[in-house]
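Reviewing the structure listed below.
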Amino acid sequence: MKDKLRRLPAVNTVIQAQDWQKGTSEVPAEVITKWIQEEIAAIRHAMQVGSYNGGTEQSELLTQVCEAVNRRLAEDGPYLLRRVINATGVVLHTNLGRARLSQAAAERVAKAAASYTNLEFNLEDGERGSRHAVIEHQITAITGSEAAMVVNNNAAAVYFILSVFAKEKEVIVSRGELVEIGGSFRVSSIMKESGAHLMEVGTTNKTHMSDYEQGLSSETAMIMKVHSSNFTMRGFTKSISAAELTALKKQHPELLIYEDMGSGSLFPFSNYKIGDEPEIKPAIQSGIDLISFSGDKLLGGPQAGIIAGKKELINTLKKHQLARVLRVDKLTLSALEATLLAYHNEERSKEIPAIRDMLKTPEELKTQADRIAEQLERMYCCHVREGTSLPGGGTMPDVLLPTYIIEVTAPKLSPSALAKELRRQRIPVIVNVKNNSCVIDPRTLDEKDERDLVSAFLSV
Ligand SMILES: *Cc1c(COP(=O)(O)O)cnc(C)c1O
């Protein structure tokens, strides 16, 4: 053993073995030196605990260290924003960046990123074009709306619509819909920020048509409906739909009806017995003036706020100064275009990762869980059992998706210490700690994630 340890290369030997900076000029030499030290320490540790099974000749050990550092160079570079493996089963994990893009969308983004595009250029006449044009057609084709545009996120869309159409005027909102989404977004606060005056009507559990009627005055610009994305009310409740509210426009032709739909579901999840999230298409058909929704919740695309509705209103928004402030870049547009294109065909839309993960069956998940457990059992104690996963992202609060989880315990590490070690791996793995074990839910793991998760566990 002592012999083997002595054959480990010195840090300087590794530094001299290769031109480390070549082709990776952005990684500072100190960082590479630190990695070399860490890799040597990792092999030394593995030898000491008897888990090292590579070659032990001097040259073999040098190669081992060089290869390990090269792998880190290739995967991490100097980056702080990195790929992580989401083993929590929460499909739209807000802290882990919500939806991941489909392969097709990621490829379109890479292409657009590295080239010039016709972002604001009309290829027909060679004149200046509109960045709205490339995406508007996709949105109207799928939602059936007259017109559409895209801004930075749905919070921006809400702010934009209120500022443009309701500044210094009243906006009627039911008390049951004054929601807070994830701490930093409150309907009442965003409204204040926009300069619109909130006119609360009804009660927490019941709002009737008469409440809206009584709230109307010469100051009213809009009735806003807000989807209660992250909570549900049951029991003695009543609310008025946007479709019903459009009837008020007969006597008040200037009145705007707008709905913040929250998560924009373009997929018929309820046909698959998953929740009862309102779909976009029927909302548009109800004759509503404007709707807005997120691009990276159930839609499964990039962070974006999609606004759809009447042409005249969308045109006003497009021409407004704020449109420039809130506009999205070519990367968002190309990701969104590719994501929306998949919705032309239900089968293709199931390839969008957020939808694919939501639809995974317990049978598939059991196979996946068994396969992972089998590989981890070499080092850990694993129990596969039934569990539930959450859609996340502040959407479908009622829905628990049946899954199979793996409860993992390590012989010498507490669950929280193991979770911490997993976060420190080359590709960090995020697990839940529950019932005194680390819990893996395979719902959010694709094939590559699964392989990388197993190597992360085995190299702790
Ligand atoms: C999520 C959500 C928002 C905010 O959307 P972002 O895309 O995160 O900005 C606004 N309103 C509702 C009802 C939501 O569910």
Side-chain angles (χ1 to χ4, degrees), residues 118-122 128-167 169 171 190-191 194-196 220-227 242-243 245-246 249 252-266 278-296 299 301-330 332-337 339-341 343:
N118 61 334
L119 180 64
E120 288 190 358
F121 187 79
N122 186 327
R128 190 196 160 126
S130 152
R131 75 174 60 209
H132 300 300
V134 293
I135 203 69
E136 181 164 23
H137 172 73
Q138 290 300 347
I139 303 170
T140 55
I142 290 161
T143 64
S145 69
E146 283 178 16
M149 71 181 292
V150 179
V151 291
N152 186 50
N153 57 14
N154 188 30
V158 175
Y159 173 77
F160 190 25
I161 290 169
L162 291 173
S163 310
V164 174
F165 297 113
K167 197 173 231 148
K169 293 188 198 136
V171 177
I190 206 110
M191 189 157 313
S194 73
T220 312
M222 179 186 289
I223 296 180
M224 179 181 180
K225 289 273 301 169
V226 186
H227 179 48
L245 288 172
T246 57
K249 286 169 68 82
H252 306 268
E254 299 296 309
L255 179 69
L256 294 183
I257 315 282
Y258 159 50
E259 182 159 6
D260 170 7
M261 313 259 316
S263 195
S265 176
L266 292 173
E279 276 183 67
I280 299 299
K281 225 176 183 166
I284 289 288
Q285 282 162 355
S286 73
I288 195 166
D289 294 301
L290 287 169
I291 60 166
S292 70
F293 51 98
S294 293
D296 56 347
L299 193 114
Q303 178 191 302
I306 298 163
I307 305 172
K310 304 263 163 75
K311 192 168 193 140
E312 190 194 329
L313 301 171
I314 299 283
N315 278 342
T316 306
L317 291 172
K318 283 180 186 167
K319 287 191 204 116
H320 196 277
Q321 277 298 313
L322 273 177
R324 173 64 186 256
V325 177
L326 304 173
R327 80 180 184 185
V328 292
D329 74 339
K330 63 178 179 178
T332 299
L333 288 172
S334 39
L336 189 57
E337 185 181 26
T339 308
L340 291 173
L341 261 173
Y343 280 102

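Just so it is clear, the structure is predicted and the values come from calculations on it, not from any experiment.
Between Leu333 atom CG and Gln138 atom CD the span is 11.5 Å, to the nearest 0.5 Å. Here the straight-line distance linking atom CG of Leu317 with atom NE2 of His132 works out to 9.0 Å at 0.5 Å rounding. The line from OG of Ser265 to NE2 of His227 is 9.0 Å long, rounded to the nearest 0.5 Å. Rounded to the nearest 0.5 angstrom, Ser130 OG and Met149 CE are separated by 8.5 Å. To the nearest 0.5 Å, atoms CD1 (Ile161) and CG (Leu290) are separated by 5.0 Å. Between the CD1 atom of Ile280 and the CD atom of Gln285 there is a distance of 11.5 Å, given to the nearest 0.5 Å.
Contact of the Ser294 side chain with the Leu299 side chain is not registered, since no non-hydrogen atoms from C-beta on lie closer than 4.5 Å. Between Pro302 and Asp296 the shortest side-chain heavy-atom distance does not fall below 4.5 Å. Annotation: side chain of Phe160 is in contact with side chain of His320 (closest heavy-atom distance under 4.5 Å). At a threshold of 4.5 Å between non-hydrogen side-chain atoms, the residues Leu340 and Leu266 count as touching. Within the 4.5 Å cutoff, no side-chain heavy atoms of Asp329 are placed close to those of Leu119. Residues Ser292 and Tyr258 meet the side-chain proximity criterion, which asks for heavy atoms closer than 4.5 Å. Side-chain contact check for Leu336 versus Val328: every heavy-atom pair is 4.5 Å or farther apart. For the pair Ile306/Ile135, no side-chain contact is recorded, criterion being any heavy-atom separation below 4.5 Å from C-beta on.
The backbone N or O of Lys330 lies less than 3.5 Å from no partner atom in the side chain of Arg131, so there is not a single donor-acceptor pair. No donor-acceptor pair closer than 3.5 Å links the side chain of Asn154 to the backbone N or O of Ala157. Although no hydrogens or angles enter the test, the distance criterion places no donor-acceptor pair under 3.5 Å between the side chain of Tyr343 and the main chain of Thr143. When atom types are taken as modelled, the side chain of Thr220 and the backbone of Met222 share no donor-acceptor pair closer than 3.5 angstrom. Under a 3.5 Å cut-off, the side chain of Gln303 and the backbone N or O of Asn152 do form a donor-acceptor pair.
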Quiz item: Step by step, would you call Val158 with Val226 a side chain to side chain contact (heavy atoms under 4.5 Å, CB included)?
Solution: CA-CA 10 Å; Val158 175; Val226 186; over 6 Å; no

Exercise. Decide salt bridge (Lys or Arg N to Asp or Glu O under 4.0 Å) for Glu120 and Arg327; before the verdict, give the C-alpha distance in whole Å, the side-chain angles of both, and the deciding distance to 0.1 Å.
Key: CA-CA 13 Å; Glu120 288 190 358; Arg327 80 180 184 185; 3.7 Å; yes

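Ser145 and Ala148 make their closest contact through OG-CB, 4.3 Å (heavy atoms, listed as atom of the first residue, atom of the second, distance). Closest heavy-atom contact between Ser194 and Leu162: OG-CB, 3.4 Å. When every heavy atom of Ile257 is checked against every heavy atom of Ala242, the shortest pair comes out as CG2-O, 4.2 Å. Scanning both residues, Ala166 and Val171, for their nearest heavy atoms gives CB-CG2, 3.4 Å.
By the side-chain hydrogen bond (donor to acceptor under 3.5 Å, both in side chains) test, Arg324 is found to be paired with no residue, residues two or more places apart in sequence or in another chain being considered. Take Lys225 and apply the salt bridge (Lys or Arg N to Asp or Glu O under 4.0 Å) test, not counting sequence neighbours, and it matches Glu177. Considering only residues two or more places apart in sequence or on other chains, Lys318 meets the side-chain hydrogen bond (donor to acceptor under 3.5 Å, both in side chains) condition with Glu136. Partners of Glu146 by salt bridge (Lys or Arg N to Asp or Glu O under 4.0 Å), not counting sequence neighbours: none found. In this structure Asp260 satisfies the salt bridge (Lys or Arg N to Asp or Glu O under 4.0 Å) test with no other residue, sequence neighbours excluded.
The number of heavy-atom neighbours closer than 6.0 Å to NE2 of His252, taken from other residues, nucleotides and ligands shown, is above 12.
Each side chain to side chain donor-acceptor pair (under 3.5 Å) pair with one or both residues in residues 305-317, not counting sequence neighbours, appears once here: Asp289-Lys310.
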